Amino acid sequence: MKPSLHLVLALLFASPVALAAPPTPTVTGAVERTLTAADGASIPVRVLEPHVKARDARTPVALLLHGLTRGKEDWLADAPPTHGGAFTEALRAAGYRVYLLDARHHGERKLPGEKPGLLVKRLHAGEPGPYVSMISGTAADAQVVLTHALEGGRPARVLVAGYSMGAQVALLLAAREPRITHLVTMVPPDIEPTLGDVAPINVVGRVRQRWLLLSANQDEFTPAAQSAALFSAAPSRHKLHRSFDSGHALPRDYLREVQRWLAAER
């Protein structure tokens with residue numbers, strides 16, 4: 001019998017081996033692929049095959065999106081800020097095929113000497129173009145990856161999850177992609193509405209998926225009131241908002257909240 005996501009995550013959290021995992025562990029069952037973006041750019045993608053076969057004919061899919069200055073390896077290691085290795089392995093053990101990609105100007109897509117954080121500084125200095133281009137381009141790339149993932153047919157569950165900037169991109173993607181069934185966003189940043197479609201508050205009115213929003217009441221990048229407003233603006237009839245007593249870096253226990261939500265959202 002396929003182990004439940006709830007059970008697998010519980011076992012991983014209880015395991016001291018998971019806590020001691022190296023920052024970039026060797027991962028079995030991984031396939032490296034390169035897709036082509038709408039503008040011709042290369043999108044390096046890591047595909048992690050499920051550890052168990054899905055019960056139905058179509059394997060559930062999960063697309064995971066990392067934060068600013070980070071990389072797709074955040075979803076392979078049990079290390080701050082994402083602690084995503086346990087989550088990824090639990091998804092695979094529950095039968096998901098997991099897709100990871102680097103945002104534009106990050107990871108394998110980062111040019112020598114390039115510092116993605118400087119794009120945010122330029123944004124605050126009145127030069128939003130490069131930042132907007134990075135976010136909109138990454139959202140478009142994520143849609144390309146999603147389309148590739150669903151070429152064999154749409155499974156019953158298509159999950160997109162993101163942390164920080166990845167949560168911002170996940171919201172933009174969900175607003176344009178009805179093929180997504182489940183959405184998990186951890187501490188999406190508060191982006192000025194003047195930045196158009198890269199601001200989640202401007203697109204959340206089209207988010208109808210089952211949605212879990214995790215925020216922090218001491219988040220230096222998103223005031224609690226803004227998180228509440230974002231949540232209220234979504235028309236989804238199946239949404240849940242949980243807040244942690246922390247800053248933008250959530251405690252590792254946030255994954256327990258994801259565990260409970262996914263186990264309940266059948």
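All values reported here derive from a predicted model rather than from experimental measurement.
- Although no hydrogens or angles enter the test, the distance criterion places no donor-acceptor pair under 3.5 Å between the side chain of Thr88 and the main chain of Leu76.
- Here ring pair (Phe, Tyr, Trp, His ring centres under 6.0 Å) pairs that include residues 107-150, with residues two or more places apart or in two chains, number zero.
- In the hydrophobic clustering of ILVMFWY residues, with side-chain heavy atoms under 4.5 Å counting as a link, Trp261 and Leu230 come out apart.
- Between the side chains of Thr181 and Arg154, no donor-acceptor pair of N or O atoms lies under 3.5 Å.
- Between Leu262 and Leu212, the closest side-chain pair of non-hydrogen atoms is not below 4.5 Å.
- In the hydrophobic clustering of ILVMFWY residues, with side-chain heavy atoms under 4.5 Å counting as a link, Val169 and Phe87 come out apart.
- You'll find the side chain of Thr59 stays beyond 4.5 Å of the side chain of Glu49, heavy atoms only.
- Atom OG1 of residue Thr82 and atom CZ of residue Arg252 lie 12.0 Å apart, to the nearest 0.5 angstrom.
- Using a 4.5 Å heavy-atom cutoff, the side chains of Leu183 and Leu171 are in contact.
- In this structure, the ring of Tyr254 has its center less than 6.0 angstrom from the ring center of Tyr163.
- Looking at Glu32 and Pro44, their side chains never come closer than 4.5 Å, going by heavy atoms from C-beta outward.
- His106 pairs by the side-chain contact (heavy atoms from CB on, under 4.5 Å) definition with His66, Leu68, Ala103, Pro116, Met134, Met165, not counting sequence neighbours.
- At least one side-chain heavy atom of Phe244 sits under 4.5 Å from a side-chain heavy atom of Glu257.
- No side-chain heavy atom of Ile191 sits less than 4.5 Å from a side-chain heavy atom of Ile135.
- Distance check, rounded to the nearest 0.5 Å: CG of Leu214 to CZ of Arg242 gives 9.5 Å.
- The closest donor-acceptor contact from the side chain of Ser227 to the backbone of Ala216 lies at 3.5 Å or more, if one exists at all.
- Looking at Glu108 and Asp102, their side chains come closer than 4.5 Å, going by heavy atoms from C-beta outward.
- The OG atom of Ser236 lies 11.5 Å from the CG atom of Leu213; values are rounded to the nearest 0.5 Å.
- Side chain of Lys72 to backbone of Gly107: no donor-acceptor contact under 3.5 angstrom is found.
- A side-chain hydrogen bond (donor to acceptor under 3.5 Å, both in side chains) check over residues 185-208, counting only residues at least two apart or in different chains, returns the pairs Thr185-Trp211.
- Put simply, the side chain of Leu101 reaches to within 4.5 Å of the side chain of Leu63, judged on heavy atoms.
- Considering only residues two or more places apart in sequence or on other chains, Arg122 meets the salt bridge (Lys or Arg N to Asp or Glu O under 4.0 Å) condition with Glu127.
- In this structure a side-chain-to-backbone donor-acceptor pair under 3.5 Å is missing from Gln143 to Leu173.
- Atom CG of Leu111 sits about 7.5 Å away from atom NE2 of His105, to the nearest 0.5 Å.
- Here Ser215 pairs with His241 under the side-chain hydrogen bond (donor to acceptor under 3.5 Å, both in side chains) rule; sequence neighbours left out.
- Applying the side-chain hydrogen bond (donor to acceptor under 3.5 Å, both in side chains) test to Gln226 and every residue at least two apart in sequence or in another chain returns nothing.
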